[in-house]
Amino acid sequence: MTEPVLSVRNLKVEFATRRESLRAIDGISFDIAKGEVLGVVGESGAGKSVTGLAVIGLIDPPGRIAGGEIRLSGLRIDDLPPEEMRKIRGKRIGMIFQDPLTSLNPLYRIGDQIVETIKTHTSLSDSFARKRAIDLLAEVGIPAPDKRIDGYPHEFSGGMRQRVVIALALCAEPELIIADEPTTALDVSVQAQIIALIKRLGRDHGTAVMLVTHDMGVIAETCDRVAVMYSGRIAEIGPVQEVIRNPLHPYAKGLMGAIPTLAGDAHRLIQIPGAMPRLSAIPRGCPFNPRCAQAFERCTIERPEPIRKDTQAVACHLFDVTESAA
Ligand code: SF4
């Protein structure tokens, strides 16, 4: 088997408060292969953005990685000194955030920002870096890129700015791109274009993409596999079509029922009663147990570990055949 681009094993992230240490990520493991788009989905507070920040080494104190390993093409990166990690960010891992303005400096022409990034990560001269910047802008669908390259961020629409950020993320031909809610701030029609663009990255560049979103519709359109997160754990992971067609985990079932159809069929929207627990009040056993219609005694006592079911893996006691056979 070829080595995954990203390999996360038993990752734990904690945030220290004055009274206790709160565990935001509690032992998650997953891989992303070359050219693969993995969607990480869940409600707000599930730990999906924290997972992305942990991978790029941007968990700020009082948060810290409290256990596990993160490897990029085999190289362990979770314990690198900040200076080493800074070199990897931008060069080997690209980032796309929800608000393009967090990645773009409003005072500089977009071309200068892209050229500077290209020159930081390659040995190209000014003129070749500018040519490469124009090519990248053309690739991400900026019309008349040879002219727009001299524009400032405020002269671009939200969707066009996000395309510029994607061009910026591609500058150094990274192995991995972390995209955190990249379409949330955009109009629906623009969202579809950005989704198509992200999908193409994997196909054309062989880039591995970790796409963090609360929107199952975006996952369905974009991803090869999906990890459904709940309370800092992976409830279910598997090929996106399988998980949509045949979700196993009771939480994933509720989430899949909430994918709006293209026809805007609101009747399909299913509400899962209750809310995700706060970090300080995660219940014992399965964290989903207070909301789960199928919960039984064991669910309130013992934490369910991932169980493989064909191409999917599910952390739910209902699928523990050794238990039911006993
Ligand atoms: Fe529901 Fe129990 Fe499965 Fe958790 S382990 S999802 S509470 S059945």
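Only heavy atoms go into these numbers, but all of them, side chains included; no hydrogens, no water, no symmetry mates. Remember, it's 1-based here, ligands and their atoms both numbered in the order they're listed. Just so we're clear, the structure is a prediction, and the values are computed from it rather than from any experiment.
Listed by number with element, the atoms of ligand 1 under 4.0 Å from a non-hydrogen atom of Leu318 are 8 (S). Less than 4.0 angstrom separates some heavy atom of His249 from each of these atoms of ligand 1: 6 (S). Of all the atoms in ligand 1, the ones that sit under 4.0 Å from a non-hydrogen atom of His317 are 3 (Fe), 5 (S). Close approach of ligand 1 to Cys299 is summarised as follows: ligand atoms under 4.0 Å from at least one heavy atom of the residue are 2 (Fe), 5 (S), 7 (S), 8 (S).
Within the coordination shell of atom 3 (Fe) of ligand 1, defined by N, O or S atoms under 2.8 Å, Cys316 is present. Taking backbone and side chain together, Cys292 holds an N, O or S atom under 2.8 Å from atom 1 (Fe) of ligand 1. Metal site remark for atom 4 (Fe) of ligand 1: Cys286 contributes an N, O or S atom at a distance under 2.8 Å.
Of all the heavy atoms in Arg163 and Ile142, the pair that sits closest is CB-CD1, 3.8 Å. Contact record, Gln191 with Thr184: NE2-O, 4.4 Å, taken as the closest heavy-atom pair.
Under a 3.5 Å cut-off, the side chain of Glu155 and the backbone N or O of Tyr152 do form a donor-acceptor pair.
Taking the six-membered ring where tryptophan is involved, the planes of Phe288 and Tyr251 are perpendicular, since the angle between them exceeds 60° and thus also 30°.
Defined by atom type and a distance below 3.5 Å, a donor-acceptor pair is present between the side-chain atoms of Asp31 and Ser7. No side-chain N or O of Thr300 forms a donor-acceptor pair with one of Asn289 less than 3.5 Å apart.
Counting heavy atoms under 4.0 Å from ligand 1, residue Arg298 does not touch it at all.
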